[in-house]
2 protein chains.
Amino acid sequence: MDARSKTPPTSITEVTLDVLEDTLSFYIRTMNIAVSRDLDDKLEGLDVAKGTGKITTLLLVDSHPGIRPSIIAELILRDRSATGRLMEQMEDHGLITRRQSSTDSRVQELYITEKGAALAARIRPLVTEQSRDFFKFISPEEQQQLMDILKRAYRRIVGLP
Amino acid sequence: MDARSKTPPTSITEVTLDVLEDTLSFYIRTMNIAVSRDLDDKLEGLDVAKGTGKITTLLLVDSHPGIRPSIIAELILRDRSATGRLMEQMEDHGLITRRQSSTDSRVQELYITEKGAALAARIRPLVTEQSRDFFKFISPEEQQQLMDILKRAYRRIVGLP
DNA sequence: GAAATATAGTTGCAAATGTCCACTATCTGG
DNA sequence: CCAGATAGTGGACATTTGCAACTATATTTC
């Protein structure tokens, strides 16, 4: 419950968020929407639209030639099936190629294409910049704090040391 | 680019995230997946499944009787159309009711039903608890820090003072 | 007071995403 | 050599969200 007034609120400023006001999950979930939207705008038309999936994959394949889908799946927190489709999509776009591993024929090795590499090079600064700009109203120290904490959380969740 | 070894990585521990390693957006987006999934599990079967939308709406309507959809839309960062459907859904589930405002007939006033109120009461502690538990591996002080920063960001984005 | 502009909500359409599950192929360990 | 794990695929499906167009009603402006 909350401070209830007789008349319904007519502006967001008259509203409190109930328990969500102090709920970390709420802010993470909501900020996600905002950040993602902003990122999409900044990357508009870049073949790597919506979703952390594509960006992460592109960069990962670029910097770890031969990486396999299942590893990417773990890192982006999706199941193999979703990840597979993502790979397919990126292959269709000519960004990566898939090759069967010679040592274990169940696994695929992913490699970046020229086009993919070019895109990766182009995207890297954009992604960094977007993040910096988006959060520029909080101090660099706080950004760092925030990131340290979230990084720790992330690593713990995906099972990194 | 990144430390590249000749052989492809076979475990996530051998992988670095390229520039994403230091990109706040990446962590927000990824943590969002994790938190949301966890929350869904905790709330399973509770008529308020997937999405911040439903929870926020329920609590908001419960603590601000007569609140209108457009305000909720702003707070949950969705457009009116998506929000409208959300309201419809919740009405179908018997959680809220919609009534035309007597002072401005364009506007709807939302009210909680008994069922909705009961659910809100039940959910409040769950949501709080979920958030606390999910982040329990980071210290309370840091959780607080994190929340303060994100709260500030959120308020700025939706345009709250 | 009439016209122009803004706001609230609805609806159709479409696209994209993610999930569950079952299935095949292949590896590894006992 | 068999049992059980792991990698990838494909199907079916539900869900969500966004855009754009449209109506109704308020508000502002001249």
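In what follows, chains carry the letters A, B, and so on, assigned in the order in which the sequence lines appear, proteins first and then strands, with residues in each chain numbered from 1.
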If we count only N and O atoms by modelled type, under 3.5 Å, do the side chains of B:Q108 and B:S101 hold a donor and an acceptor together? no
Is it true that the side chains of A:E14 and A:T10 contain a donor and an acceptor less than 3.5 Å apart? yes
What contact category does [X] fall into here, base, sugar-phosphate, or nothing, at under 4.0 angstrom with non-hydrogen atoms?
X	answer
A:D104	sugar-phosphate
B:R85	base
A:S81	base

Between B:D104 (side chain only) and B:R106 (backbone N and O only), is there a donor and an acceptor less than 3.5 Å apart? yes
Can you check the [X] [atom1] to [N] [atom2] distance for me, whole Å?
X	N	atom1	atom2	result
B:Q100	C:dG9	CD	P	10 Å
A:M87	C:dG18	CE	P	11 Å
B:D40	D:dT16	CG	P	10 Å
A:I72	D:dT6	CD1	P	19 Å
A:E88	C:dA16	CD	C1'	15 Å
A:R68	C:dA25	CZ	P	20 Å
A:R106	C:dT26	CZ	P	10 Å
A:Q108	C:dT26	CD	P	13 Å

Cation-aromatic face contact B:R99/B:Y111, 6.0 Å, 45 degrees: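 Judged by the rule (NZ or CZ under 6.0 Å from the ring centre, within 45° of its axis), B:R99 counts as positioned above B:Y111.
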Once hydrogens and angles are ignored, does a donor-acceptor distance under 3.5 Å link the base of [N] to the side chain of [X]?
X	N	result
A:S105	C:dC27	no
B:R78	D:dT17	no
B:R80	D:dG18	no

If each of A:I71 and A:R37 is mapped to the nucleotide of DNA chain D with the nearest heavy atom, which maps nearer the 5' terminus, i.e. the 5' end?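 Checking each residue's closest nucleotide, the 5'-ward one belongs to A:I71.
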For C:dT17, does either OP1 or OP2 sit under 4.0 Å from a side-chain N or O belonging to A:K54?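 Answer yes for this pair, as a side-chain N or O of A:K54 is under 4.0 Å from OP1 or OP2.
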Below 4.0 angstrom from OP1 or OP2 of D:dG8, is there any side-chain N or O of A:R99? no
Measure the CG-CG distance between A:L58 and A:L95 for me, rounded to the nearest 0.5 Å.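 Output value for this atom pair is 6.0 Å.
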Starting at the 5' end of DNA chain C and moving along, which residue's nearest nucleotide shows up first, A:T103 or A:L86?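 Here A:L86 is the residue nearer the 5' end.
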